[in-house]
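Below: the structure, in structure tokens.
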Amino acid sequence: MHYHAVPDRVFQRCVELRRRLHRHPELAFEEVETAALISAELEGLGLVPSYGGKGSGVVADLPGPGPLIALRADMDALPGEESTGLPFSSAIPGAMHACGHDAHMAMLLGAAHLLGADPPGVGVRFIFQPAEEKGGGARTVIAAGALEGVGAIFGAHVTQHYRVGEVMVAEGVITAQSDRFTITVRGRGGHGARPHEATDAVVITGFLITALQTLVSREVDPVHPSVVTIGRVEAGTAPNVIAETARLEGSIRSTLPRVREQLHSGIRRMARALGDLHGASLSVEIQEGYPPVVNTAAEAQLAERTARRVVGDGGLVRLDHPSMGSEDFAYYLQRVPGCYVRLGARPAGQEQAFVPLHSPAFDIDEGVLRVGAAFFDQLVREAAAARRAVP
Ligand code: NI
């Protein structure tokens, strides 16, 4: 088997595409121009893009013996104003590729160039998915039939935690289950000078915020990571008015179903108890978020083998604990085996104070495009070879 180094011509094309995508970010389920650019590139390679789902995904097959190996990139940008000052900074007010999805698309197109030029002996499906950040685009794409005929699926995310040339691969749970909650506190409004005639929603909210901190620190087994974050609190109208209502919004992260259940019921229990304690009514609403990403063993081994070939043994990083982030790639892995990896993309000189994902100043070292394109290309060839080895 041969390992394709990415020719400069293909790498340059990846850089060009990444910068064009970066300059024209589109938010979840609005990826119209993005899809047009991807489709044009794939058509230029002789592929036939098609997508019948909601929003503007792009799905295209490189024909070959099945079952198909699917490779997935996400397409959406984040709300926010870019502050990188790059010559190809976002030209769209209120949107920015701050999560590196521009890079994911560009490297997958790079892999399409490599695989198209030297067919790997197995069918490949390229999936460009809308709305990863918000709205669970993966489910939409699956509903549109993108996993039909697929034997395994792979995806990757850039990360600033590692330098270019490092690839993180792990088996099992690699991201957390993410849920959101909203708690509404209903007391009784009144005059700021006459608290005895009112039930103060602000004071109850204060107790509630403190109480909820003890769920993770005092109730959950510390060897299983979990997080409860209250990210938003809203209450009151004026300094001399006792607030009748308050609203808290937060995020719950967990990696085990029973810890998740414990946190959900703990939040409900504390809200109920504080309502009783203060004579108020508290209601809790929990919205289910993305499930954990669980990499399957054989596919994680395949990805690891691929990483060793592409970046060498020294570039392979094994994750020994899950990230508490979340990723809708999880929905694909609920249906077919596969593996999600992380690609180091930290620019040189930023070891001490790197700029994290989702920051307005986020940028990547474009060298990761070379690594990503080679990784996806090689992954498919490894999968084809593994299949040939099994009679
Ligand atoms: Ni992302």
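Worth knowing before you read on, the calculation uses all heavy atoms, side chains too, and leaves out hydrogens, waters and symmetry mates. Both ligands and their constituent atoms are indexed starting at 1 by order of listing. Treat the numbers as computed from the prediction; the structure is a model and nothing was measured.
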For Arg186, is there an ion pair with Asp200 - N to carboxylate O distance below 4.0 angstrom? no
For a side chain to side chain contact (heavy atoms under 4.5 Å, CB included) with Pro120, tell me which candidate from Asp377, Leu115, Ile69 qualifies. Leu115
Distance under 6.0 Å and angle within 45° of the ring axis: does Arg23 meet both against Phe88? no
Going by atom type alone, with no hydrogens or angles, which donor-acceptor pairs under 3.5 Å involve a side-chain atom of residues 41-57 and a protein atom two or more places apart or on another chain?
{"from": "Glu41", "atom 1": "OE1", "to": "Arg13", "atom 2": "NE", "distance (Å)": "3.4"}
{"from": "Glu41", "atom 1": "OE1", "to": "Arg13", "atom 2": "NH2", "distance (Å)": "2.6"}
{"from": "Glu41", "atom 1": "OE2", "to": "Arg13", "atom 2": "NE", "distance (Å)": "3.0"}
{"from": "Glu41", "atom 1": "OE2", "to": "His113", "atom 2": "NE2", "distance (Å)": "2.8"}
{"from": "Tyr51", "atom 1": "OH", "to": "Lys54", "atom 2": "O", "distance (Å)": "2.9"}

Is it true that His161 and Phe354 have ring centroids separated by less than 6.0 Å? yes
At distances under 2.8 Å, what protein N, O or S atoms surround the Ni ion (ligand 1)? Cys99 SG, His101 NE2, His157 NE2
Centroid separation His157 to Phe329 less than 6.0 Å: no
